Colleague: 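Sharing a structure with you now.
This structure is a prediction, so every number in the text was calculated from the model and none was measured.
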Number of protein chains: 2
Amino acid sequence: MYALQAATTQRAPRPKFSNTALGAIGTVSLFERNNTIFAEGDDADRAYKVVSGGVRLCKMMPDGRRQIAAFALPGDYFGFDWLGHHALTAEALNDTTAISYARNRLERLGDEDHDVRAELYATLRHDLWAAQNHLIILGRQSARERVTSFLVELIERRKGDNLSTIAVPMTRRDMADYLGLTVETICRELSALKREGVIAIPGRHAVIVHDEAALRRASMADD
Amino acid sequence: MYALQAATTQRAPRPKFSNTALGAIGTVSLFERNNTIFAEGDDADRAYKVVSGGVRLCKMMPDGRRQIAAFALPGDYFGFDWLGHHALTAEALNDTTAISYARNRLERLGDEDHDVRAELYATLRHDLWAAQNHLIILGRQSARERVTSFLVELIERRKGDNLSTIAVPMTRRDMADYLGLTVETICRELSALKREGVIAIPGRHAVIVHDEAALRRASMADD
DNA sequence: GACGATCATTGATCTGGCGCAATGTGTGCC
DNA sequence: GGCACACATTGCGCCAGATCAATGATCGTC
């Protein structure tokens, strides 16, 4: 209790389904930019894995306010949080390819195959972990902290390459609705980070990180 | 898309473990008010079910800011989000009795017993559902909406009895840290609701609901 | 390759909720 | 049963971020 040493931030690994077991039952689907893949309340008969592109998972309020719960990027699974009906709406950020799995076949496979079961469980656990991290951002962080947290998240979700240029497949509005801010505040914070030399913004859908340490410091990611 | 009819709010039922299978492996534990049951980062060797009292599940930032992810009330399970280590800190709201289950025994049981497995899965799914609902509150709702949403949540989690008096086992600070507000704002909103005749406040740990319809209207719970 | 539309950026002003401070109110403990 | 302490409430000024408004950049498309 005395030594509040930096608790090793437990990072939940993104689950990887065994290709062997699941590969056979998936079918490829294509979605155009801004198309709805499924809506909140829809019968949850399919789940998906992003191959290319990206997906926003969100909830809408009757008056149009929107909260994005997560972004699914290549390699990520979504739509597995079934309970008969989807709890979130899924929309393509841009033209997106995904593999879709029929729910009944997934469930059957889960009953038979211990590995598949473990990975379904891991997917759910990862989503819960992500949502809990999101709660502290929305509930207790400043605009600066939110934006830098988000950029750090993009850095860490970036696959393989170690380039300082990170892809930003979503719009400013999407970022705002993910972080509980407005579009204007997102712009102002990004501009401020640019002015301070922490990042550069070569275009709408990319950010170059010049000072990752400063970014992480500003994000207070080290809880 | 035209008819934005009120999407039937999908309510995730709180899971009930089959008493037969789990009853045998649980042991009773007692925790005093404000005692830590487990801390974020602790080895997740046990999970719990609240019998009486209540528990807050929270994350802390190094500077002391706190976000409560959930409250576990009698009948609720917590500490099942394992991945080797607990992602949240669990503290007793007041003197609390809980049944605790050893992780290795739970896992073994889950492998053997289909019903137990389904219920472990349902617990995780319920927690994810709750976290996603929490996100829209923290990201997009006003103080008034947050406080009324919280009271509606307490109404709906209240077991059995249909009394208009609802128990509030947590402090104003706990409410604030759950809703992403300050203690003062909680007080002000509760006072305003009292002034408007929607509720009465007979004591620190109770609220009498005079106009539940108005409360629900103010909470925008009907997304 | 110019038009229209959407998205992004910046400035000016406004405000909901915060921070601070002072005062009430239980509530547990000796 | 009275004292001390933690919790709750209310007032007041302030500020981070929202809102409103105008301009600039980018992109698809005919």
Colleague: Looking at CG of A:Leu57 and CD1 of A:Ile68, how far apart are the two atoms once the value is rounded to the nearest 0.5 Å?
Modeller: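 Result: 9.0 Å between the selected atoms.
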Colleague: Between C:dT9, D:dT9, D:dA18, which nucleotide gets closest to the side-chain atoms of A:Thr182?
Modeller: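 For A:Thr182, the side-chain atoms sit closest to D:dA18.
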Colleague: Of all the choices, D:dA8, C:dG17, D:dA18, which nucleotide is nearest to the side chain of B:Ala143 once you look at every atom?
Modeller: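 Within the option list, the nearest is C:dG17.
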Colleague: Could you please spell out the steps behind the side-chain contact (heavy atoms from CB on, under 4.5 Å) verdict for A:Gln132 and B:Lys59?
Modeller: CA-CA 9 Å; A:Gln132 286 170 345; B:Lys59 278 181 177 279; 4.2 Å; yes
Colleague: In whole angstrom, give the distance that lies between atom CZ of B:Arg172 and atom C1' of C:dT25.
Modeller: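 Rounding to the nearest Å, CZ of B:Arg172 and C1' of C:dT25 are 12 Å apart.
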Colleague: Using a strict 4.0 Å threshold on nitrogen-to-oxygen distance, state whether B:Glu156 and B:Arg216 make a salt bridge.
Modeller: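 Between B:Arg216 and B:Glu156 there is a salt bridge, with a charged N closer than 4.0 Å to a carboxylate O.
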Colleague: Which part of the nucleic acid, if any, lies within reach of A:Leu181 when heavy atoms closer than 4.0 Å are counted: base, sugar-phosphate only, or nothing?
Modeller: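 Counting heavy atoms under 4.0 Å across all strands, the contact made by A:Leu181 is with sugar-phosphate only.
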Colleague: Taking the side chain of B:Cys187 as its heavy atoms from C-beta onward, which of C:dT9, D:dC7, D:dT10 lies nearest to it?
Modeller: D:dT10
Colleague: Rounded to the nearest Å, what distance is computed from the CE atom of residue B:Met170 to the C1' atom of nucleotide D:dC7?
Modeller: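 Distance, rounded to whole Å: 15 Å.
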Colleague: Rounded to whole Å, please give me the gap between CZ in B:Arg140 and P in D:dA18.
Modeller: 8 Å
Colleague: Is there a donor N/O on one and an acceptor N/O on the other, under 3.5 Å, for the side chain of B:Arg173 and the base of D:dT9?
Modeller: no
Colleague: Quickly work out the B:Leu193 CG to D:dA8 C1' distance and round it to whole Å.
Modeller: 16 Å
Colleague: Whole-Å distance between C:dA8 P and A:Lys194 NZ?
Modeller: 13 Å
Colleague: Is a donor-acceptor pair below 3.5 Å formed from side chain A:Glu184 to base D:dC20, judging by atom type as modelled?
Modeller: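 When only heavy-atom distances are counted, A:Glu184 does reach the base of D:dC20 through a donor-acceptor pair under 3.5 Å.
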Colleague: Is any side-chain nitrogen or oxygen of A:Ser191 closer than 4.0 Å to OP1 or OP2 of C:dT10?
Modeller: yes
Colleague: Quick one: A:His205 NE2 to C:dT6 P, roughly how many Å, whole number?
Modeller: 15 Å
Colleague: Determine, stepwise, if the pair A:Ile201 / A:Ile208 fulfils side-chain contact (heavy atoms from CB on, under 4.5 Å).
Modeller: CA-CA 6 Å; A:Ile201 306 175; A:Ile208 297 171; over 6 Å; no
Colleague: Mind calculating the distance between CD1 (A:Ile201) and C1' (C:dC7) to the nearest angstrom?
Modeller: 14 Å
Colleague: Atom CD in A:Glu145, atom CZ in B:Arg65: separation rounded to 0.5 Å?
Modeller: 4.0 Å
Colleague: Find the distance B:Met175:CE to D:dC7:P and express it as a whole number of Å.
Modeller: 15 Å
Colleague: Mapping B:Arg33 and B:Arg204 onto DNA chain C by nearest heavy atom, which one lands closer to the 5' end?
Modeller: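 Nearest-nucleotide comparison on DNA chain C picks B:Arg204.
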Colleague: Tell whether B:Arg188 reaches the base of D:dG11 with its side chain through a donor-acceptor pair below 3.5 angstrom.
Modeller: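 Indeed there is one.
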